[in-house]
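Each remark here refers to the structure printed beneath this line.
Because only heavy atoms are used, hydrogens play no part in the values below, and waters and symmetry mates are left out as well, while side chains stay in.
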Protein chains: 2
Amino acid sequence: MFRRSARALLSLWHTGTMKAANLRARVRAEMTEEIKQVARRHLATDGANLSLRAVARDLGMASSAVYRYFASRDELLTALIIDAYDAVGSTAEQVAAAQADPAERWVAIGHAVRDWALANPHQWALIYGSPVPGYEAPQDTVVPATRVIMLLAGVLRDALAEGRLTSVPEQPAGRFGEEMAAVAAHFGPGVPAHLVGATMYGFVHLCGAISAELFGQLNKSIDEDRRGFFEWQARATAAFAGLA
Amino acid sequence: MFRRSARALLSLWHTGTMKAANLRARVRAEMTEEIKQVARRHLATDGANLSLRAVARDLGMASSAVYRYFASRDELLTALIIDAYDAVGSTAEQVAAAQADPAERWVAIGHAVRDWALANPHQWALIYGSPVPGYEAPQDTVVPATRVIMLLAGVLRDALAEGRLTSVPEQPAGRFGEEMAAVAAHFGPGVPAHLVGATMYGFVHLCGAISAELFGQLNKSIDEDRRGFFEWQARATAAFAGLA
DNA sequence: CTCAGCAGAGAGCAGTGCTCACAAAGGAGA
DNA sequence: TCTCCTTTGTGAGCACTGCTCTCTGCTGAG
């Protein structure tokens, strides 16, 4: 059977814009992307119980053929998870870049992440909800997973460098304080542990606030102005971190 | 087939400690409880993908017999969810009752919830993780679901009444402030909106912190003293709410 | 003592993830 | 150009799932 993408790539081949050695690989990449796209659509409509067979049916292919591209359903989910992390990460990065003031940047990052989550609730559940049964996050996911928290840390680090941190949270003491100091050392020399603590605090609250909203914990209390409530909370975590 | 519970109840019946009118109903209740118990065990070991057939197998009965007690898998899950809400709620209430100082009570509630979550991670995921696909929380769950947040609100209300709130968060403004005021009115006359705001802020953070820890978001940063980190956060939300 | 209702069994349906043997088709080397 | 060999797709099949249906005994109630 001729797939649309394959045909498009063949036309590229005939116009001579592609090497023969790459053809197969690129068709494969296209097909992989197409599967992920359909899977994302299914995720958005049918919820989290993604069916490989249904995806294959939608693509007009045998279910067994999908296994040529993903060794298992878990592997497909892993790919979707990585993509999701990258999607939130990149939109947050774009929004952050547009805000000069540290506090405003902090809040804008929050809004960006929340907006993405509201637009892609099932993908949010995939990455920040309960882990899929029996699913252990592979190494490939850890780097994309850190993009948002790195952004938040960057806001505080920049503000610190510019002397714009007006206050500082209580110094993390004890063993966890040492662990934070170790993380801070990875971040650069002279980064204090409380900066890492405030970052994690803000990130934890960010995820909690979005999940609470998305998973229905706010029902029957804040139903209209959830955005306003979210911003109120984001400004609170910003203040805790020392942003004006 | 004679079930153990049925036999036990029959002995009760023979000693005359039970009314005949109740026998059937009580055997049924025992059986229902037994199913839930085995389901919880399966949940704890096999993860979230609870199999009704496997539960039935463990009980030595046909899978179709389980449907005499629960109309569907979703209904079983709902029952487990209600039980889970009640379990966290009651342990938190017990712990809270033992702490006189408001700030300490706030932190103790947090620890109690966290301890329960660490001991029953899959049940935590059931109630605070991503909602089960296609699952809409029935009305029966809303009251048990509020027990923990009610506890937190109670701490602040008592502290306010005793004049022990040392500070107050920024007044919630705009539409969400009105919604909070409406919730506060339900709580009693003279309860300020910021008290509701602080409660929700603390609860959101509590859930976020526990989920982050449980779902692996803290891996490779805080690995040893997570309890310390949690307490540091809990004291921060307490301070935000105005508890010394 | 009869009888309705309840709890169980077991077959069966449609769906799932995944495996395997097989077939076509195309790129690579002779 | 012709032959291989890898890649990609098929369809049957296995073991499992949730759920429904019919049938059968037991038992509590009248």
Side-chain angles (χ1 to χ4, degrees), chain A residues 1-7 9-10 13-14 18-35 39 42-43 46-78 132-135, chain B residues 1-7 9-10 12-14 16 18-35 39 42-43 46-78 132-135:
Chain A
M1 168 195 288
F2 257 65
R3 304 226 43 77
R4 223 168 313 131
S5 55
R7 223 181 301 147
L9 285 164
L10 275 181
W13 159 250
H14 283 131
M18 198 188 301
K19 299 268 160 54
N22 294 340
L23 218 198
R24 266 227 174 112
R26 302 192 76 159
V27 172
R28 192 172 218 292
E30 278 276 334
M31 192 67 209
T32 305
E33 202 53 48
E34 206 166 340
I35 292 173
H42 271 76
L43 213 60
D46 299 359
N49 47 355
L50 180 67
S51 160
L52 245 163
R53 289 179 107 112
V55 170
R57 230 176 292 135
D58 242 36
L59 285 163
M61 68 199 301
S63 66
S64 52
V66 177
Y67 287 86
R68 299 286 176 200
Y69 298 89
F70 298 95
S72 68
R73 185 171 163 277
D74 268 12
E75 203 172 274
L76 212 199
L77 285 174
T78 300
V132 178
Y135 175 82
Chain B
M1 169 196 287
F2 257 63
R3 306 224 43 75
R4 222 169 315 132
S5 54
R7 222 181 302 147
L9 285 163
L10 275 182
L12 276 181
W13 160 248
H14 284 130
M18 198 187 297
K19 299 271 161 53
N22 294 340
L23 219 197
R24 265 226 174 113
R26 302 191 76 159
V27 172
R28 193 173 215 293
E30 276 277 333
M31 193 67 211
T32 306
E33 200 53 48
E34 206 166 341
I35 292 173
H42 271 76
L43 212 60
D46 298 359
N49 46 357
L50 180 67
S51 159
L52 245 163
R53 289 179 105 112
V55 171
R57 231 176 292 138
D58 242 36
L59 284 163
M61 67 199 302
S63 66
S64 53
V66 177
Y67 287 85
R68 298 282 176 203
Y69 299 88
F70 297 95
S72 68
R73 185 172 163 278
D74 267 12
E75 204 173 274
L76 212 198
L77 285 174
T78 301
V132 177
Y135 176 82

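Spacing between atom CZ of B:Arg57 and atom C1' of C:dA9 amounts to 16 Å, rounded to whole angstrom units. As a whole-Å value, the separation of B:Tyr67 OH from D:dT17 P is 11 Å. Rounding to whole angstrom units, CZ of residue A:Phe70 and P of D:dG9 are separated by 12 Å. Taking atom CD of residue B:Glu34 and atom C1' of nucleotide C:dG8, one finds them 15 Å apart after rounding to whole Å. For the pair B:Asn49 CG and D:dA15 P, the computed distance is 20 Å after rounding to whole Å. C:dG15 atom P lies 18 Å from atom CZ of B:Arg73, rounded to whole Å. Rounded to whole Å, the distance from CD1 on B:Ile35 to C1' on C:dA7 is 11 Å. Put simply, NE2 on B:His42 is 13 Å from P on D:dC16, counting in whole angstrom units.
Between A:Tyr69 and A:Leu76 the shortest side-chain heavy-atom distance does not fall below 4.5 Å. Looking at B:Val55 and B:Asp58, their side chains never come closer than 4.5 Å, going by heavy atoms from C-beta outward. Two residues are said to be in side-chain contact when any heavy atoms from C-beta on lie closer than 4.5 Å; B:Thr32 and B:Phe70 meet this criterion.
For residues 59-71 of chain A, no pair satisfies salt bridge (Lys or Arg N to Asp or Glu O under 4.0 Å), with sequence neighbours left out.
Closest-nucleotide positions on DNA chain D for A:Arg53 and A:Ala62 were compared, and the one nearer the 5' end corresponds to A:Ala62. Along DNA chain C, the nucleotide closest to A:Ala54 and the one closest to A:Ala71 are compared, and the more 5′ of them pairs with A:Ala54.
B:Ser63 comes within 4.0 angstrom of a nucleotide base, judged by non-hydrogen atoms across all strands. Within 4.0 Å (heavy atoms only), B:Ser64 reaches at least one base atom of the nucleic acid. Among the protein residues, B:Leu50 comes within range of the sugar-phosphate backbone only, with heavy atoms under 4.0 Å from sugar or phosphate atoms but none that close to a base.
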Close N/O contacts between protein and nucleotides 4-8 of chain D (under 3.5 Å):
residue: D:dT8; atom: OP1; partner: A:Arg28; partner atom: NE; Å: 3.3
residue: D:dT8; atom: OP2; partner: A:Arg28; partner atom: NE; Å: 3.1
residue: D:dT8; atom: OP2; partner: A:Arg28; partner atom: NH2; Å: 3.4

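Shown here are the side chain to side chain contact (heavy atoms under 4.5 Å, CB included) partners of A:Ser51, two or more places apart in sequence or in another chain: A:Arg53, A:Ala54.
In the set D:dG11, D:dC19, D:dG9, D:dG9 carries the atom at the smallest distance from any side-chain atom of A:Met31. Which of C:dA9, C:dC18, D:dC19 sits closest to the side chain of A:Leu52 comes down to C:dC18.
With hydrogens and angles disregarded, no donor-acceptor distance shorter than 3.5 Å links the side chain of B:Arg73 to the backbone of B:Leu52. A:Glu33 places no side-chain N or O within 3.5 Å of a backbone atom of A:Ala29 that could act as its donor or acceptor partner.
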